[in-house]
Amino acid sequence: SEMESSRDESQTEFIYCSGAATEVLKVGSCRLLSGQNMLFLIIPGNPGVVGFYKTFMQTLHSILGYPVWAVSHAGHCAPPDSMDMVLKAVMLFPTIERMSQTPQGKVMTPWLCQLRYLAYLPLFLLSLLPDSLTALLIRLIFSSIPSLDPCVVRPSVELLSGDCAGGLTSVPQLSHGHIMVM
């Protein structure tokens, strides 16, 4: 049907943003046309991987009809081999930076600091596996979730790749994404 075809219409584009590889996921119009006065721009939370938002973007586009784009955090994507990673971006969030000063943070921070070492070895080993095997493991781990969106498997694999896995062990909490209407 027409609604299903518009839901599937998406394009991934990799660009350099101040020298850092950046992924732009576009649903609907892949380029802005003259006279088009509405665009939904999604800025992900941490981790800044746009693939997690694909189903939401397709749904938003199919309901409202306007193009929906999402921009990864610079350096938070797995670019094609043809792209040179000149630069990487590391984003710091004041909420996370000062979390240890909150009442609950004073209790949890020592525990989290010690427990993070348990994550290093499994994440390192996962980053060495081929993507197809990592995807199989992710599907197996998430198989108990009946409403699992299959779109999350690919971004999860990218998140566990060598470049991204190091950042996972240093971030104690995920932040919320933002949606901007331009």
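In plain terms, the two heavy atoms of P44 and V71 that are nearest each other are CD-O, 2.9 Å. Taking each heavy atom of A21 and C77 in turn, the nearest pair found is O-SG, 3.6 Å. Considering every non-hydrogen atom in both G105 and P110, the closest pair reads O-CD, 4.3 Å.
Interatomic distance, I43 CD1 to H73 NE2, rounded to the nearest 0.5 Å: 7.5 Å. M108 CE to L115 CG: the interatomic distance, rounded to the nearest 0.5 Å, is 8.0 Å. Taking OG from S156 and CZ from F52, the interatomic distance works out to 4.0 Å, rounded to the nearest 0.5 Å. Remark: I138 CD1 to L133 CG distance equals 10.0 Å, nearest 0.5 Å. Between W69 atom CH2 and Q11 atom CD the span is 9.5 Å, to the nearest 0.5 Å. Separating the OG atom in S10 from the NZ atom in K54 is a distance of 3.5 Å, to the nearest 0.5 Å.
For the pair Y16/M83, a side-chain contact is recorded, criterion being any heavy-atom separation below 4.5 Å from C-beta on. You'll find the side chain of I42 stays beyond 4.5 Å of the side chain of V50, heavy atoms only.
Every pair passing side chain to side chain donor-acceptor pair (under 3.5 Å) that includes a residue from residues 20-30 is listed here, sequence neighbours excluded: E13-K26, S29-Q36.
In the hydrophobic cluster analysis, where Ile, Leu, Val, Met, Phe, Trp and Tyr join through side-chain heavy atoms closer than 4.5 angstrom, V27 is grouped together with Y66. Placement of Y53 and I15 in two distinct hydrophobic clusters is found when ILVMFWY residues are connected by side-chain heavy-atom separations under 4.5 Å, directly or transitively. I145 and L137 fall within a single hydrophobic cluster, where Ile, Leu, Val, Met, Phe, Trp and Tyr are joined by side-chain heavy atoms under 4.5 Å apart, directly or via other members. Hydrophobic clustering (side-chain heavy atoms under 4.5 Å, transitive across Ile, Leu, Val, Met, Phe, Trp, Tyr) keeps L118 apart from L128. A continuous path of ILVMFWY side-chain contacts below 4.5 Å connects L25 to I63, so both sit in one hydrophobic cluster.
Between the T109 side chain and the K106 main chain, no donor and acceptor come within less than 3.5 Å of each other.
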